[in-house]
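Heavy-atom basis, side chains included; hydrogens, waters and symmetry copies ignored.
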Amino acid sequence: MNLDFSSVWQYWPFLYHGTLLTLRVTFFCTIFGFLLGVLLSLVKLSRCKPLQWFGRFYTSIFRGTPLLVQLCIIHFGVPQLFGVRFTAIQSGILAFSLNSAAYVSEIFRGGIQAIDKGQFEAAKSLGVGYGDMMKDIILPQALRHILPALVNEAIALLKESSQLSYIGAVELLRAADQITVVSYRFFEPYLVAGLIYYILVMILSFFMSKLERWVNRSERG
């Protein structure tokens with residue numbers, strides 16, 4: 001087998017900076033997608049029909065079209081229509097966050113609806129307002145049940161960040177592309193990039209499993 005990893009190590013700064021960008025994009029998209037998803041789930045569960053229709057329409061759009069198409073519309077289409085230009089990173093964070101919010105909203109909606117109705121009735125009988133009830137009683141319980149699904153969503157965002165290479169962002173996959181151009185080696189750079197993705201996913205899964213066990217212990221306590 002004709003394998004030579006010296007070219008990969010020679011250009012390791014490409015992979016280093018690409019990995020940092022991948023982690024940064026994943027972090028911001030996870031946070032923004034989580035916050036937007038919680039808000040969208042409450043919109044879907046509201047008693048206002050127009051808000052419910054908006055929430056369902058939003059989710060159907062972002063779940064029914066490919067993420068790469070959404071990314072291209074935001075990065076290439078929005079400047080044409082409105083004259084507002086985003087950098088590749090800004091376009092990626094915006095597209096991934098909006099897309100993730102659609103999935104997170106469904107995760108939270110299912111988690112909230114799985115809570116026993118007696119919890120809602122008990123809170124109302126005690127005079128707890130809707131906002132305080134959701135913030136202090138319902139959402140913490142729902143979060144404990146849906147944490148594994150949220151972890152899977154964060155892992156999906158980490159891997160989907162590779163699509164940023166399509167619009168020119170130098171994340172991990174694009175960094176591997178650059179190494180192939182200067183070294184004329186293909187298998188080794190992509191193999192190392194795949195290994196880095198795998199290690200990042202394993203690290204994320206490890207810390208999330210620790211968090212899940214901590215949440216379960218605190219709930220029992």
Side-chain angles (χ1 to χ4, degrees), residues 1-37 61-104 150-208:
M1 295 179 65
N2 184 20
L3 295 178
D4 181 10
F5 288 91
S6 60
S7 60
V8 178
W9 311 135
Q10 181 181 356
Y11 298 104
W12 70 266
F14 290 177
L15 295 174
Y16 173 73
H17 292 292
T19 301
L20 290 182
L21 180 57
T22 294
L23 291 174
R24 187 160 65 246
V25 170
T26 302
F27 173 78
F28 285 113
C29 293
T30 300
I31 298 298
F32 295 150
F34 176 85
L35 296 177
L36 290 174
I61 290 295
F62 282 93
R63 293 179 66 186
T65 56
L67 177 56
L68 186 57
V69 173
Q70 300 163 18
L71 180 61
C72 290
I73 289 175
I74 291 175
H75 189 67
F76 300 114
V78 170
Q80 174 189 332
L81 291 180
F82 305 104
V84 179
R85 295 190 175 277
F86 301 110
T87 66
I89 305 304
Q90 291 170 342
S91 297
I93 292 176
L94 181 58
F96 295 158
S97 297
L98 293 175
N99 180 274
S100 178
Y103 290 91
V104 171
L150 293 178
V151 172
N152 289 334
E153 179 61 21
I155 291 174
L157 281 173
L158 175 63
K159 294 185 291 185
E160 288 169 350
S161 65
S162 62
Q163 298 187 38
L164 282 175
S165 62
Y166 187 84
I167 59 174
V170 188
E171 43 66 64
L172 181 54
L173 179 59
R174 186 73 169 186
D177 288 337
Q178 291 180 336
I179 294 177
T180 65
V181 171
V182 298
S183 67
Y184 300 101
R185 309 289 298 187
F186 296 90
F187 184 81
E188 296 91 333
Y190 291 131
L191 179 63
V192 172
L195 179 61
I196 294 174
Y197 276 117
Y198 177 77
I199 292 173
L200 293 177
V201 169
M202 291 300 102
I203 293 175
L204 179 61
S205 301
F206 172 78
F207 283 107
M208 288 302 183

Pair Leu67, Gln163 - check side chain to side chain contact (heavy atoms under 4.5 Å, CB included), show working. CA-CA 9 Å; Leu67 177 56; Gln163 298 187 38; 4.0 Å; yes
Interatomic distance, CG@Leu173 vs CG@Leu15, rounded to 0.5 Å, equals 10.5 Å
With a 6.0 Å cut-off (strictly less than), is the heavy-atom count around OH of Tyr198, excluding the residue itself, greater than 12? no
Interatomic distance, OG1@Thr19 vs CG@Leu200, rounded to 0.5 Å, equals 6.0 Å
Checklist entry - Step by step, would you call Leu71 with Leu68 a side chain to side chain contact (heavy atoms under 4.5 Å, CB included)? => result CA-CA 5 Å; Leu71 180 61; Leu68 186 57; 4.2 Å; yes
All heavy atoms of Val78 vs all of Phe86, minimum pair found to be CG1-CE1, 4.0 Å
Answer yes or no: does atom CZ of Phe76 have more than 12 heavy-atom neighbours from other residues, nucleotides or ligands under 6.0 Å?
yes
Heavy-atom closest pair (Glu153 atom, Val104 atom, distance to 0.1 Å) is CG-CG2, 3.9 Å
Residues at least two apart in sequence or cross-chain that pass side chain to side chain donor-acceptor pair (under 3.5 Å) with Arg185, listed by chain then number, are Glu188
- Task: Flag yes if more than 12 heavy atoms outside Tyr197 fall under 6.0 Å of its OH atom; otherwise flag no.
- Result: yes
Distance col, row Phe62:CZ vs Tyr103:OH, nearest 0.5 angstrom, shows 11.0 Å
Rounding to 0.5 Å, atoms OG1 (Thr87) and NE2 (His75) come to a distance of 8.0 Å
Tightest non-hydrogen contact, residues Leu172 and Thr22, listed as N-OG1, 3.2 Å
| message | I'd like to know if the side chain of Ser100 and the backbone of Ser97 have a donor-acceptor N/O pair within less than 3.5 Å. | response | no
Rounded to the nearest 0.5 angstrom, the OG1-CD1 distance for Thr26 and Ile93 is 9.5 Å
Sorted by chain and number, sequence neighbours left out, side chain to side chain contact (heavy atoms under 4.5 Å, CB included) with Phe186 holds for Thr180, Tyr190
Which of Ile155, Leu157, Ile199 passes side chain to side chain contact (heavy atoms under 4.5 Å, CB included) with Leu204? Answer is Ile155
For Gly18 and Ala175, the nearest pair of non-hydrogen atoms, with its separation, is CA-CB, 4.4 Å
Exercise for review: Please answer whether the main-chain N or O of Arg174 pairs with a side-chain N or O of Glu171 as donor and acceptor at a distance below 3.5 Å.
Suggested key: yes
Distance col, row Leu191:CG vs Ile196:CD1, nearest 0.5 angstrom, shows 10.0 Å
Backbone N or O of Ala88 within a donor-acceptor pair of the Ser91 side chain at under 3.5 Å? no
(Q) Between Thr65 and Gln70, is there a side-chain heavy-atom distance shorter than 4.5 Å? (A) yes
Gly92 and Leu164 have their tightest heavy-atom pair at CA-CD2, 3.4 Å
What one should report as the nearest heavy-atom pair of Trp9 and Trp12 is O-CD1, 2.9 Å
Any idea how Tyr11 and Phe14 line up, ring-wise: parallel (<30°), tilted (30 to 60°), or perpendicular (>60°)? parallel
